[in-house]
Engineer: 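Handing you this structure, nothing more for now.
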Amino acid sequence: MSERHELPKTYDPHATEDALYKFWEESGFFHAEVDKSKEPFTIVIPPPNVTGQLHMGHAFDETLQDILIRTKRMQGYNALWMPGTDHAGIATQIKVEESLREKGETRFDYGREKFVDLCWDWKEKYGGRILNQLRKLGSSVDWERLRFTMDEGCSRAVREVFVNLYNKGLIYKGHRIVNWCPHCNTALSDAEVEYEEQDGHLWHIRYQIEDSDEYIIIATTRPETMMGDTGIAVHPDDERYTHLVGKKAILPLMNRPIPIFADDYVEREFGTGCVKVTPCHDPNDFEMAARHDLEHIAVIDNEGNITKEGGKYAGMTREEARKAVVADLEEQGYLVKVEDYKHNVGTCHRCHTSVEPMESDQWFVKMAPLAEPAIEVVKNGEINFVPERFSKTYLNWMENVHDWCISRQLWWGHRIPVYYCQDCGHMMVCKDEPHKCEKCGSAKLKQDEDVLDTWFSSALWPFSTLGWPDKTEELEYFYPTNVLVTGYDIIFFWVARMIFSGMEHMGKKPFSTVFMHGLIRDSQGRKMSKSLGNGVDPIEIIDKYGADALRFTIVTGIGPGNDARFYIERVEANRNFANKIWNASRFVLMNLTVEDGRLPEELTLEDKWILTRYNELVKAVTENIDKYELGIAADKLYSFIWDDFCDWFIELCKIRLNDKDDMKANENAQRVLVHVLSGTMQLLHPFMPFITESVWQALPHDGPSVMVSKWPEYDGSKVFETEANQMEQIMEVIRAVRNRRSEMNVPPSKKAELIITTDRPELFERAGLFFAKLAYASSVNVAVQTPKDAASMVSVVTSSAKVYMPMSDLVDIEKELERLNKERDNVAQQIARIEGKLSNEGFVSKAPEAVVNAERQKLADYKEHLVKLEESIKGLK
RNA sequence: GGAGACAUAGCUCAGCUGGUUAGAGCGCUCGCCUCACACGCGAGAGGUCAUGGGUUCGAGUCCCUUUGUCUCUACCA
């Protein structure tokens, strides 16, 4: 026990965190097995990109999940936090390709198979990094169940889902306009397109009407696509142009006649009311082309360059072509005017290249039938969002959802389980690779070249990780999961898709609650991003301040679902909090002789006060966590530990601990200290797992770890409202004395006698001790009578007592009077306010009784205080 | 074009289902190396809770108006 005295003065998280984590992991505390005698509580992790690095967004996410899972585990649930990583199709492929580019190579130098092998190598090399970073944070995930979206099981689930949906007609191959990223060279889903407002132009171009002197003017933002124009649309009711419908206009530069037709899609007010129609490079034009049977001419290729169809512009990039086309139009007199125009340009959310709408064959998920149950399950409250407002975002999207383009022209990912017979062209969709054509028997089969959208596999995460499509006992027991924690930025990418997938394939919702959080921004409120270089690396923060400080920072001072700015000062403040806990514990340990924290029979006033406050804390924190008010719970723990426990209770306990004559009292104090500190460490453990474990272990304890200890329960038999109230009264007096002395610049070294006059002397039984310790008293006299020479003393008045300090050299009667009068006015004002309230019949009859009674009590206290103030004033005069 | 959020102390933000003399951290002022902690202790200053109205016995908290900031979403060339 002697080494306890040698604990360092400053808490060093670095020295302990890794070892503690290792201890937890090796002890199997993170692992959950099916156990039907216990209620499960399950969270699946939003799988981070396998080759990614931990950023603040992850830290936010994981901290919230860890708080929930650790709390539930301690509350006796069979808590499973399912970990895993995502193969992150585009992101990973881009990284591997970049590494090749450094060597002057491309994926085509390797071919598909070898390139995919390189991706796996990459995954092996970097896949462990983020997992170890999760450990640094303290995440209590069940490592024995670690999954990967491309592991055998998840891949099987993907094929199963694809084939099932195909057989139901919910997956189809379609010839459509899709979002195409010329840089990533693949199709994207709508969700993967980000819109940026850009400054552009609206070019007005004159088209000659065929066999006529008349002309028509169209307005466009994209002149470089005009070589692919195959029509001009006007509104059917637009009288300006009715006479032209059916005629043809000559497409400038190409000298090709194209038809003028009428279509409802056109807005008469916009531009000139005439729209150039480019079926291959605009989704609306594509649809108009279908309605009016227009020709399709593709003028932009997969790399974003102009095709042969683009005449003299062939081979140029889109940007070059735009300049050249505009220059030619101007030179040849077709350009009527140019307006500045702000418009939204779709960009690839991975590389921010402008997305090109392209006509192509892609695989789609038919969303309407799947959306229906996914809408219902949120509307009827089976799944609820926290905060509630996000359900509106979700519903709005789901109610207007488009079919989901799921094929990607990449190599890294789940290859689409569709096979084509090279001989007869027959298409087979099957879970396992077929060996011969089911139609002609040919063995010459070729699998579809495309892979699936990364989110296709993450959509299955809540059940694929539990063994689906097999009917495992894990699936039976842990599904549906309880809470999903994630940022609002991936509601569409992920949350929505998990919900409809769960409903479709499991027939059950994937989770009951979606707990949303915001984004962590930099200190100026900007998004953290690589390109800005303003990202804060959580691992660096952990190395410097400890994981506990980071976690506490993340969870406090943040409004539900709101974004938050990251300030290092807040981490420092929470590091200081950890240090405070450390030193409070060091103090308790230094004084410790008892072997356990059983509460003594005899409790002092201060014991009863702290136990009351502690039990209130247990109740509040438990309820707050239940309601996902984690920040509020954390705030309460902070102020209980710092203000109540350290600043008051420890100081009060020093009285007994320093009394070597009364060992009984000394030990009693120790027991209460240990009881409260130990319980507080349990309550704080989900938030600050490391330091709480260190402290809990050092104190007398049962069981191997605080993380598997039983969550504290509210104990009504240890709540003493009367005594707690009395203690608060005494604290009020102590504060008043300190305040007085401070105002008068009395140095702490100068002790003074205190004469307390009160009608409630029982309140101040232990006061001599308290005041000596906390109010610089040299001695304390409790009296009923006002001392004779009161006028020459410094006085302090509260509702329960008047305190006199014989410091005649410091007394300035004028000032004293002024101060007392000011205080009296203040108290009188409060009395008037409450009396006004209480004389309001509406208040007395309609407000709850407890509220009215509280006001009455306050009034009584103020009145007592006023009486005492007036006596004092009279005494001075 | 739709939808939502935010506007509270110098700064960054809490404030749950309406009821305390409106809170925290940092910063600031004054005094302290008090035998756990200067990453500390004690005492302070600082807010007409953006605006105007309404509901209510009672509103920072609910409803509407205005102003300002931000975000998401949408096929307006």
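Here is how names work: the chains are called A, B, and so on, in the same order as the sequence lines, proteins then strands, and each is numbered from 1. Everything numeric in this text was worked out from a predicted model, so none of it was measured.
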Engineer: Taking the nucleotide of RNA chain B with the closest heavy atom to each, which residue, P848(A) or G559(A), is nearer the 5' end?
Structural biologist: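 Nearest-nucleotide comparison on RNA chain B picks G559(A).
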Engineer: Assign F492(A) to base, sugar-phosphate, or nothing according to its heavy-atom contacts below 4.0 angstrom with the strands shown.
Structural biologist: sugar-phosphate
Engineer: Base, sugar-phosphate, or nothing: which does P747(A) touch, judged by heavy atoms less than 4.0 Å apart?
Structural biologist: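 No contact.
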Engineer: Looking for any heavy atom pair under 4.0 Å, which part of the strands does G631(A) touch: base, sugar-phosphate only, or nothing?
Structural biologist: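 Here G631(A) touches no strand at all.
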Engineer: Quickly work out the N574(A) CG to C37(B) C1' distance and round it to whole Å.
Structural biologist: 16 Å
Engineer: Could you measure between the two C1' atoms, the one in G46(B) and the one in U21(B), and give it in whole Å?
Structural biologist: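 The same atom, C1', in both gives a distance of 16 Å.
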Engineer: Of the options U73(B), G31(B), G42(B), whose atoms approach the side-chain atoms of S742(A) most closely?
Structural biologist: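 Of the options given, the side chain of S742(A) lies nearest G42(B).
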Engineer: What is the distance, to the nearest angstrom, from the CG atom on L673(A) to the C1' atom on A36(B)?
Structural biologist: 11 Å
Engineer: What is the nucleic acid contact for A573(A), judged by heavy atoms within less than 4.0 Å: base, sugar-phosphate only, or nothing?
Structural biologist: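 Sugar-phosphate only.
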Engineer: Suppose we call a contact any N or O donor and acceptor under 3.5 Å apart; does that hold for the side chain of E629(A) and the base of A14(B)?
Structural biologist: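 A donor-acceptor contact between them is absent.
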Engineer: So what does N400(A) touch, heavy atoms closer than 4.0 Å: a base, only the sugar-phosphate, or nothing?
Structural biologist: nothing
Engineer: Taking G4(B) as the reference, what is the distance to A9(B) when you measure between their P atoms (whole Å, please)?
Structural biologist: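 Looking at atom P only, A9(B) and G4(B) are 26 Å apart.
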Engineer: Using atom C1' of each nucleotide, how far apart are U34(B) and C6(B) to the nearest Å?
Structural biologist: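 Result for the C1' pair: 45 Å, nearest Å.
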Engineer: Under 4.0 Å between any heavy atoms, over every strand shown, what does F390(A) touch: base, sugar-phosphate, or nothing? Just pick one.
Structural biologist: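 Answer is nothing: F390(A) stays at 4.0 Å or more from every strand.
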Engineer: Which listed nucleotide (C39(B), U17(B), U20(B)) is nearest to the side chain of R833(A)?
Structural biologist: U20(B)
Engineer: What does N826(A) touch in the nucleic acid at a heavy-atom separation under 4.0 angstrom: a base, only the sugar-phosphate, or nothing?
Structural biologist: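 Touches nothing.
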Engineer: NA contact type, Q857(A), heavy-atom cut-off 4.0 Å: base, sugar-phosphate, or nothing?
Structural biologist: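 Answer is nothing: Q857(A) stays at 4.0 Å or more from every strand.
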Engineer: Would you please confirm or rule out a distance under 4.0 Å between OP1 or OP2 of C41(B) and any side-chain N or O of W642(A)?
Structural biologist: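 Checking C41(B) against W642(A), a side-chain N or O does come within under 4.0 Å of OP1 or OP2.
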Engineer: Taking the minimum atom-to-atom distance to the side chain of E569(A), which one of C26(B), G40(B), A74(B) wins?
Structural biologist: C26(B)
Engineer: Could you identify the nucleotide paired to U20(B), looking across every strand shown and requiring Watson-Crick or G-U wobble geometry with both distances under 3.5 Å?
Structural biologist: none
Engineer: Look at all strands and tell whether N284(A) reaches a base, only sugar-phosphate, or nothing, counting heavy atoms closer than 4.0 Å.
Structural biologist: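 Answer is base: heavy atoms of N284(A) come under 4.0 Å of a base.
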Engineer: Could you work out the separation of A24(B) and C37(B) based on their P atoms and round it to a whole Å?
Structural biologist: 25 Å
Engineer: State whether F645(A) and K580(A) meet the cation-pi test: NZ (Lys) or CZ (Arg) under 6.0 Å from the six-membered ring centroid, and within 45° of the perpendicular axis.
Structural biologist: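 No.
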Engineer: Between Y628(A) and F515(A), how do the two ring planes meet: parallel, tilted or perpendicular, split at 30° and 60°?
Structural biologist: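 Y628(A) vs F515(A) ring planes: tilted.
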Engineer: Using whole Å, what does the distance between atom P of nucleotide G40(B) and atom CZ of F587(A) come to?
Structural biologist: 18 Å
Engineer: Does the ring of Y776(A) carry K751(A) above it, NZ/CZ under 6.0 angstrom from centre and within 45° of its axis?
Structural biologist: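 No, K751(A) does not sit over the ring of Y776(A).
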Engineer: I632(A) CD1 to A24(B) C1': how many Å, rounded?
Structural biologist: 13 Å
Engineer: Can a donor-acceptor pair be found between the side chains of D659(A) and N666(A) at a distance below 3.5 Å?
Structural biologist: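 The criterion, which ignores hydrogens and geometry beyond distance, is not satisfied for N666(A) and D659(A).
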Engineer: Taking CZ from R565(A) and C1' from U69(B), how many angstroms apart are they, rounded to a whole number?
Structural biologist: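 That distance rounds to 11 Å.
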Engineer: Measure from CZ on R526(A) to P on U12(B) and round the result to the nearest Å.
Structural biologist: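 One finds 15 Å between P of U12(B) and CZ of R526(A), rounded.
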Engineer: Provide the Watson-Crick or G-U wobble partner of C76(B), both distances under 3.5 Å; none if there is no partner.
Structural biologist: none
Engineer: Centroid separation under 6.0 Å, is that true for the rings of F493(A) and H349(A)?
Structural biologist: yes
Engineer: Kindly assign one of parallel, tilted or perpendicular to the pair F687(A) and F552(A), based on the angle between their ring planes and the thresholds 30° and 60°.
Structural biologist: perpendicular
Engineer: E651(A) side chain: which of A36(B), G4(B), C76(B) is closest?
Structural biologist: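 Of the candidates, A36(B) comes closest.
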Engineer: With a 3.5 Å cut-off and heavy atoms only, can you find an N or O donor on one side and an acceptor on the other between the side chain of K9(A) and the base of C37(B)?
Structural biologist: no
Engineer: From the set U73(B), A36(B), A14(B), return the single nucleotide nearest to any side-chain atom of N583(A).
Structural biologist: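 In terms of side-chain proximity for N583(A), the closest of U73(B), A36(B), A14(B) is A36(B).
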Engineer: Quickly work out the N739(A) CG to A43(B) C1' distance and round it to whole Å.
Structural biologist: 6 Å
Engineer: At under 4.0 Å between heavy atoms, what does V266(A) touch on the DNA or RNA strands: base, sugar-phosphate, or nothing?
Structural biologist: base
Engineer: Sort out the partner of U69(B) for me: Watson-Crick or G-U wobble, both distances under 3.5 Å, none otherwise.
Structural biologist: A5(B)
Engineer: W203(A) near the nucleic acid: base, sugar-phosphate alone, or nothing, with a heavy-atom cut-off under 4.0 Å?
Structural biologist: nothing
Engineer: Could you tell me whether T221(A) contacts a base, only the sugar-phosphate backbone, or nothing, with contacts defined as non-hydrogen atoms closer than 4.0 Å?
Structural biologist: sugar-phosphate
Engineer: Within this structure, what is the CD-to-P distance between Q198(A) and A77(B), rounded to whole angstrom?
Structural biologist: 13 Å
Engineer: Ion pair present between R318(A) and E356(A), side-chain N to carboxylate O less than 4.0 angstrom?
Structural biologist: yes
Engineer: Pick the closest RNA chain B nucleotide for G273(A) and for E855(A) by heavy atoms, then say which residue is nearer the 5' end.
Structural biologist: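 It is E855(A) whose nearest nucleotide is closer to the 5' end.
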Engineer: I'd like the C1' distance from U69(B) over to U29(B), given in whole Å.
Structural biologist: 33 Å
Engineer: Hey, does the Lys NZ or Arg CZ of R738(A) hover above the aromatic six-ring of W648(A), less than 6.0 Å from the centre and inside 45° of the axis?
Structural biologist: yes
Engineer: Using both distances under 3.5 Å as the test, list the Watson-Crick or G-U wobble partner of C11(B), or none.
Structural biologist: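 Partner of C11(B): G25(B).
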Engineer: Considering only atom C1', compute the distance from U48(B) to A22(B) and round it to an integer number of Å.
Structural biologist: 13 Å
Engineer: Examine A14(B): is either OP1 or OP2 under 4.0 Å from a nitrogen or oxygen in the side chain of N562(A)? Give yes or no.
Structural biologist: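 Yes, within the criterion.
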Engineer: Describe the nucleic acid contact of Y341(A) in one word from base, sugar-phosphate, nothing, applying a heavy-atom distance below 4.0 Å.
Structural biologist: sugar-phosphate
Engineer: Of the candidate nucleotides U12(B), A36(B), G19(B), which contains the atom at the shortest distance from the side chain of R586(A)?
Structural biologist: A36(B)
Engineer: How would you label the contact of I558(A) with the nucleic acid (heavy atoms, under 4.0 Å): base, sugar-phosphate, or nothing?
Structural biologist: sugar-phosphate
Engineer: Output the single nucleotide from C39(B), C32(B), C75(B) whose closest atom is nearest the side chain of T10(A).
Structural biologist: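 That would be C39(B).
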Engineer: List the steps and the verdict of side-chain hydrogen bond (donor to acceptor under 3.5 Å, both in side chains) for Q857(A) and D861(A).
Structural biologist: CA-CA 6 Å; Q857(A) 182 58 47; D861(A) 287 347; 3.2 Å; yes
Engineer: With rounding to whole Å, what would you report as the distance between A7(B) and C62(B) at their P atoms?
Structural biologist: 11 Å
